[in-house]
Amino acid sequence: MSKKTQVLSETHPNWPINKEAIDTVEFCHSCIYDLGSLFKAIRDTSKKYSTTHDLAEIGMYLANDWSNNIDITHKTLIELLNNKNT
């Protein structure tokens, strides 16, 4: 068990780790990924160095960062579920 998984399970021992929780995290990941794609489309169709272009780049960066964080959470939940079921 990784240190992060151990901390998560010790901090929240009563949280249900089940397929529904994992499905919710996967849905969130998909939504954030789609949001990043929307920001990319806005950036790509706006004039370089415009406010719209710059804000879309910030949105892309944040969506990518959130997507990565959700991906880590997803992997942690799967690890917890596997440990729970063994």
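Just so you know, residue 1 is the first one in the sequence shown, and it goes up from there. Predicted, not measured: the structure shown is a model, and the values here were computed from it.
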**Student:** Would you give the length of the straight line joining atom CD1 of I78 to atom OG1 of T73, rounded to the nearest 0.5 angstrom?
**Tutor:** 11.5 Å
**Student:** Report whether Y61 and I70 are members of the same hydrophobic cluster (ILVMFWY, side-chain heavy atoms less than 4.5 Å apart, transitive linking).
**Tutor:** yes
**Student:** Any salt bridge (charged side-chain N to carboxylate O under 4.0 Å, His left out) pairs touching residues 20-37, not counting sequence neighbours?
**Tutor:** K19-D23
**Student:** Test: side chain to side chain donor-acceptor pair (under 3.5 Å). Region: residues 41-50. Which pairs qualify, not counting sequence neighbours?
**Tutor:** K40-D44
**Student:** Might you point out which heavy atoms bring G36 and A63 nearest each other, and give the distance in Å?
**Tutor:** CA-CB, 3.5 Å
**Student:** Could I get the full list of side chain to side chain contact (heavy atoms under 4.5 Å, CB included) partners for S37, not counting sequence neighbours?
**Tutor:** Y33
**Student:** At their closest point, which heavy atom of V25 faces which heavy atom of L77, and how far apart are they?
**Tutor:** CG2-CD1, 3.4 Å
**Student:** With respect to S67, which candidate in L35, I32, L62, I72 satisfies the side-chain contact (heavy atoms from CB on, under 4.5 Å) definition?
**Tutor:** I32
**Student:** Per the salt bridge (charged side-chain N to carboxylate O under 4.0 Å, His left out) rule, what does the pair list look like for residues 59-73, sequence neighbours excluded?
**Tutor:** D71-K75
**Student:** If you round to the nearest 0.5 Å, how far is OG1 of T76 from CG of L81?
**Tutor:** 12.5 Å
**Student:** Does D54 have any side chain to side chain contact (heavy atoms under 4.5 Å, CB included) partners at least two apart in sequence or in another chain, and if so, which?
**Tutor:** none
